[in-house]
Chemist: 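Dropping the structure in here first, questions after.
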Amino acid sequence: MSTDKNRATAAAILPLVGGPDNVLSIAHCMTRLRITLRDRSLVQDEALKAVPAVMGVVEDDTYQIVLGPGTVARVTPEFEALVAEGRSAAPVAGAPGAPGHTVTADELAAQGAAIKDARKARNATPFKLVLRRVANIFVPLIPALIGCGIIAGLGGFMTNMGWLPAVVPALAATATGFMSLIAVFVGYNTAKEFGGTAILGGAVAAIIVFPGVTKIDAFGQQLSPGQGGVLGALAAALLAVQVEKWCRKWVPEALDVLVTPTLTVLISGLVTIFGLMFVAGEVSSAIGTFATWLLATGGAFAGLVLGGLFLPLVMLGLHQALIPIHTTLIEQTGYTVLLPILAMAGAGQVGAAIAVYYRLPRNRSIRTTIKSALPAGFLGVGEPLIYGVSLPLGRPFITACVGGAAGGAFVGLFNQLGTAFGSNAIGPSGWALFPLLDGKSGMGMTIAIYAGGLAVGYLVGFLATYFFGFTRQMLADFNTDPDTEPAEAAHPERTKEPALA
């Protein structure tokens, strides 16, 4: 996408979210432009979904516009520039919506939005709010994880092929440098997210990766650099935030600049060294051991459950709890065995969407939505299909989960048979996960198993939806063209009622 096109997309979005004065903050993750709004009522949802580059919208703690990987990173700076340029402009009021049709894709999207709103109202529990904040710590790290993961895969491929041996060490250093210091970035983001001074969180977390900890004994054991990993960094930074807040409350203002950072780093650092590193290390080891045991002994069943439940977890926001687990597994083994299994949920969703396309041949509106969203779905961006098609339809969401369960069982079975593999970064799924696959059985076998899992997910999701995703009444309601229905009603002799399966 060219710069002009990126700016045009940003310019199209801005008035539809209420103009510059309605935007309080701007951020982006791997696929979504995240906006904090002053007045939600000024947003024109349906017009926004009609912008060509927009794949969908998701309303959570922020208003999220799905643009897809790559695009969002280019549109966001243009959007920020336009907001800065137009801060003094008056917000644009929402235009009245166009008349709706009973079975259009727009109405399905509206139903999906209503489901999300109801879910948000029911499930804005303290636990889930904490999960969102934890996700905010790790989401900014995903681009670096992906880039370093692809470089690591390239280095491994070149090693296996015997290509450019002098370059391979440089690639290894480039790929592993970030991972060796990831605890520092986690500590920095944790303190920033929870209201502390970011650099103090990073300073305390840096203790975990400092080579000199090998000279320290804690709980009768010699510490090792990196012990506790990201979980230890998360806990250390959270402690630092609490110590800092206590100091800000009690330390005299004249001494604050000297005493507060000193006590924050000293107290949090000592607790990290003589407690958190050991405890977090034990927890991290237990997570890795359990994941390995689970897939080695019951991989097929575990894959069935994980693949089948992941879409509901995404819908409820509980998938955010898996981010630290993925990162911990990558730290320990070089890859997370869970992500390829969870990615099968997206395959089931794609298969279900294709079945909906063929089951509703007369509904041009829904079919157009599916055609526009499928490319993103193949690349692992499933929100447009989930919230625009399967979830508001109901039954196709369940059959999509069935497809994900089948694909997960396929991948899990091979783990159980001894062919363990995973992703060396978190973030993408679908076809976008291929460059990040890693395992101990060779890339050929790893790619073949993952591709086989996707194929199973597509096929089972399609068949389950095609044969069980619609009742007779649903077909009667949805298998119509709302744009031509009035004309057909005026001339019934021109219309033949299709037979229902």
Side-chain angles (χ1 to χ4, degrees), residues 8-29 31-68 71-72 75-76 78-79 82-83 86 89-124 314-315 317 353 363-373 376-377 381-394 397 478 482-483:
T9 298
I13 291 173
L14 183 56
L16 301 178
V17 296
D21 290 343
N22 197 39
V23 178
L24 298 178
S25 67
I26 305 167
H28 76 86
C29 60
T31 61
R32 305 178 187 181
L33 172 63
R34 297 169 178 256
I35 307 170
T36 302
L37 300 167
R38 177 176 283 109
D39 185 351
R40 170 64 178 84
S41 66
L42 297 179
V43 179
Q44 302 176 49
D45 297 279
E46 299 309 316
L48 191 58
K49 294 170 188 174
V51 174
V54 175
M55 299 176 180
V57 297
V58 178
E59 188 169 1
D60 207 328
D61 51 331
T62 57
Y63 192 80
Q64 302 169 19
I65 302 171
V66 183
L67 297 173
T71 300
V72 69
V75 171
T76 300
E78 302 291 346
F79 186 80
L82 289 175
V83 169
V92 178
H101 302 289
T102 56
V103 292
T104 63
D106 286 345
E107 177 154 308
L108 282 185
Q111 292 176 18
I115 292 171
K116 285 183 291 182
D117 289 341
R119 171 186 56 82
K120 181 180 177 183
R122 290 195 308 268
N123 296 289
V314 172
M315 186 183 70
N363 195 313
R364 290 182 296 178
S365 179
I366 293 177
R367 284 162 65 93
T368 298
T369 296
I370 293 172
K371 284 192 293 185
S372 64
V381 181
E383 291 93 341
L385 291 175
I386 294 174
Y387 293 113
V389 180
S390 66
L391 186 58
L393 284 173
F397 182 78
F478 290 101
D483 293 330

Chemist: As a quick check of understanding, evaluate side chain to side chain contact (heavy atoms under 4.5 Å, CB included) for Leu37 and Leu42, giving each step before the final call.
Modeler: CA-CA 9 Å; Leu37 300 167; Leu42 297 179; over 6 Å; no

Chemist: How far apart are the closest heavy atoms of Met55 and Val381, and which atoms are they?
Modeler: SD-CG1, 4.3 Å

Chemist: Taking Leu16 as the fixed residue, which of Val54, Val51, Val43 is the one that meets the side-chain contact (heavy atoms from CB on, under 4.5 Å) rule?
Modeler: Val51

Chemist: Quick one: pull up OG1 in Thr62 and CD1 in Ile26 and give me the separation to the nearest 0.5 Å.
Modeler: 12.0 Å

Chemist: With rounding to the nearest 0.5 Å, note down the distance linking CD1 in Ile35 to OH in Tyr63.
Modeler: 8.0 Å

Chemist: Under 3.5 Å, side chain of Asn22 to main-chain N/O of Val17, donor-acceptor pair present?
Modeler: yes

Chemist: May I ask you to check whether Ser365 and Asn363 show a side-chain donor-acceptor distance below 3.5 Å?
Modeler: no

Chemist: Find out whether Thr9 and Thr71 are in side-chain contact, i.e. whether some heavy atom of one side chain is under 4.5 Å from a heavy atom of the other.
Modeler: no

Chemist: Could you check whether any side-chain heavy atom of Arg32 comes within less than 4.5 Å of a side-chain heavy atom of Val72, counting everything from C-beta outward?
Modeler: no

Chemist: Could you check if a side-chain atom of Phe79 sits within less than 4.5 angstrom of a side-chain atom of Ile65, using non-hydrogen atoms only?
Modeler: no

Chemist: State, to 0.1 Å, how close Leu385 and Ala373 come at their nearest heavy-atom pair, and which atoms those are.
Modeler: CD2-CB, 3.6 Å

Chemist: Could you give the distance from CD1 (Ile13) to CG (Leu67), rounded to the nearest 0.5 Å?
Modeler: 5.0 Å

Chemist: Quick one: are Thr76 and Arg34 in side-chain contact, heavy atoms under 4.5 Å?
Modeler: no

